[in-house]
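Here is how names work: the chains are called A, B, and so on, in the same order as the sequence lines, proteins then strands, and each is numbered from 1. In what follows, every heavy atom counts, from backbone to side chain, and hydrogens, waters and symmetry copies are set aside. No experiment lies behind these values; they were computed from the predicted model shown.
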Amino acid sequence: MKAYEKDNSVILEEVADFDPKHIFECGQCFRWNKNEDGSFTGVAYGKILNIKKEGNKIYLNNTNLEDFNSIWFNYFDLGTNYTQIKNNLKNMDDYLLKATEFGWGIRILRQNGWEMLISFIISSNNRIPMIQRAIENLSKKYGKYLGEYKGKKYYAFPTPEELSKASQEEIRACQTGFRDKYIKSTTDRVIEENDDVTEYINLDTQTCVKELTKFNGVGPKVADCIALFGMRKYDTFPVDIWVKRVMQEFYVNEDMSLPKIRAYAINKFGDLSGFAQQYLFYYARELGIGR
DNA sequence: CACCAGGCACCTA
DNA sequence: TAGGTGCATGGT
């Protein structure tokens with residue numbers, strides 16, 4: 001991979017396994033929006049970025065090499081060889097062969113653990129557009145103003161301190177629905193116990209998931225998502241409605257319980273469980289498998 | 001207009 | 001331990 005700076009952009013050449021649409025629409029993130037020109041604009045780690053693929057070049061606009069090296073290289077997991085991950089998955093069975101070819105450009109973003117905690121609490125029994133809206137509203141009201149990009153204002157996801165200033169009613173007003181009390185409870189707990197959840201990245205997977213489920217509003221599925229997307233626990237397998245459908249379609253019986261599907265998958269996919277989950281989720285949701 | 005969404009907490013048996 | 005139900009909100 002080559003990376004060089006030009007006109008407030010960083011241009012990447014010879015990047016394998018990278019497609020913005022696959023990355024941003026595979027369900028792992030909620031703050032990236034598609035523009036009319038096909039590019040995506042989003043906020044992560046307090047920075048506004050626009051990203052676009054043209055031919056075999058990736059254009060990261062509104063940034064520089066310094067931020068690329070300190071933030072975006074890690075955020076997009078560019079140090080990981082996804083060709084190898086996909087090859088390992090492809091050899092497991094024909095379903096993964098198809099799913100990895102379909103979502104060939106997926107990368108699991110290295111997102112902030114705190115942001116994932118609140119975001120996936122909001123995700124429960126919710127729809128992706130509504131999750132995005134609620135997170136946007138919370139950021140707009142309680143997050144730091146970052147500036148304008150192409151005429152639109154952008155805000156960072158609120159820190160625990162910032163979010164703790166919101167009452168339950170104010171959180172509800174951000175379209176969080178019945179999850180308002182979970183967000184309030186979780187934020188209060190983090191503040192009271194001075195608990196830096198981003199440090200959970202240092203825990204082993206089982207402990208990490210167990211610790212996360214102590215928060216109100218965090219059950220098995222939400223904890224798995226936070227662990228996978230915010231804490232780099234790749235040997236876990238979040239089972240949501242779509243993953244349940246695709247697993248039942250391809251691998252297990254209709255009556256298998258969610259915990260058993262999870263255990264089955266982790267046993268089958270091992271350290272690559274989280275990657276398998278993303279390829280399968282994207283494949284199932286885009287094609288409407290099992291719906 | 002029912003029905004459902006990247007589930008969870010809570011209740012019952 | 002396992003299984004059923006209510007839940008805010010808005011799209012189909």
Return the value, rounded to whole Å, for the distance between atom [atom1] of [X] and atom [atom2] of [N].
{"X": "Lys181(A)", "N": "dA8(C)", "atom1": "NZ", "atom2": "P", "value": "5 Å"}
{"X": "Asp180(A)", "N": "dA8(C)", "atom1": "CG", "atom2": "C1'", "value": "9 Å"}
{"X": "Tyr182(A)", "N": "dC7(C)", "atom1": "OH", "atom2": "P", "value": "11 Å"}
{"X": "Lys221(A)", "N": "dA9(B)", "atom1": "NZ", "atom2": "P", "value": "13 Å"}
{"X": "Phe178(A)", "N": "dG6(C)", "atom1": "CZ", "atom2": "C1'", "value": "9 Å"}
{"X": "Asn126(A)", "N": "dG11(C)", "atom1": "CG", "atom2": "C1'", "value": "12 Å"}
{"X": "Arg133(A)", "N": "dG10(C)", "atom1": "CZ", "atom2": "C1'", "value": "7 Å"}
{"X": "Leu258(A)", "N": "dT1(C)", "atom1": "CG", "atom2": "P", "value": "17 Å"}

- Using a strict 4.0 Å threshold on nitrogen-to-oxygen distance, state whether Asp94(A) and Lys98(A) make a salt bridge. no
Using a 4.0 Å heavy-atom cut-off, does [X] contact any base of the nucleic acid, only the sugar-phosphate backbone, or nothing at all?
{"X": "Gln132(A)", "answer": "nothing"}
{"X": "Cys29(A)", "answer": "nothing"}
{"X": "Tyr282(A)", "answer": "nothing"}

- Do the side chains of Phe275(A) and Phe102(A) join up, straight or via other hydrophobic residues, at under 4.5 Å, putting them in one cluster? yes
- Evaluate salt bridge (Lys or Arg N to Asp or Glu O under 4.0 Å) for Glu169(A) paired with Arg172(A), printing each intermediate quantity in order. CA-CA 5 Å; Glu169(A) 291 70 26; Arg172(A) 170 74 68 98; over 6 Å; no
- Residue mapping more 5' on DNA chain B - nearest nucleotide basis, Phe229(A) or Gly217(A): Phe229(A)
- If you check every side-chain atom of Pro220(A), which of dT9(C), dC8(B), dC7(C) has the closest atom? dC8(B)
- Query: So which nucleotide from dA8(C), dC8(B), dA5(B) ends up closest to the side chain of Val222(A)?
  - Reply: dC8(B)
- Query: Arg127(A) side chain N/O closer than 4.0 Å to the phosphate oxygens (OP1, OP2) of dA8(C)?
  - Reply: no
- Taking only side-chain nitrogens and oxygens of Gln175(A), does any of them come within less than 4.0 Å of OP1 or OP2 of dA8(C)? no
- Message: If I pick the P atom on dG11(C) and the same atom on dC8(B), what distance separates them, to the nearest angstrom?
- Response: 24 Å
- Taking the same atom, C1', in dG10(C) and in dA9(B), what whole-Å distance lies between them? 23 Å
- Is it the case that Ser9(A) and Asp7(A) place a side-chain donor and acceptor less than 3.5 Å from each other? no
- So what's dC1(B) paired with, Watson-Crick or G-U wobble, going by both distances under 3.5 Å? none
- Message: Once rounded to the nearest 0.5 Å, what's the spacing between atom OH of Tyr154(A) and atom OH of Tyr145(A)?
- Response: 11.0 Å
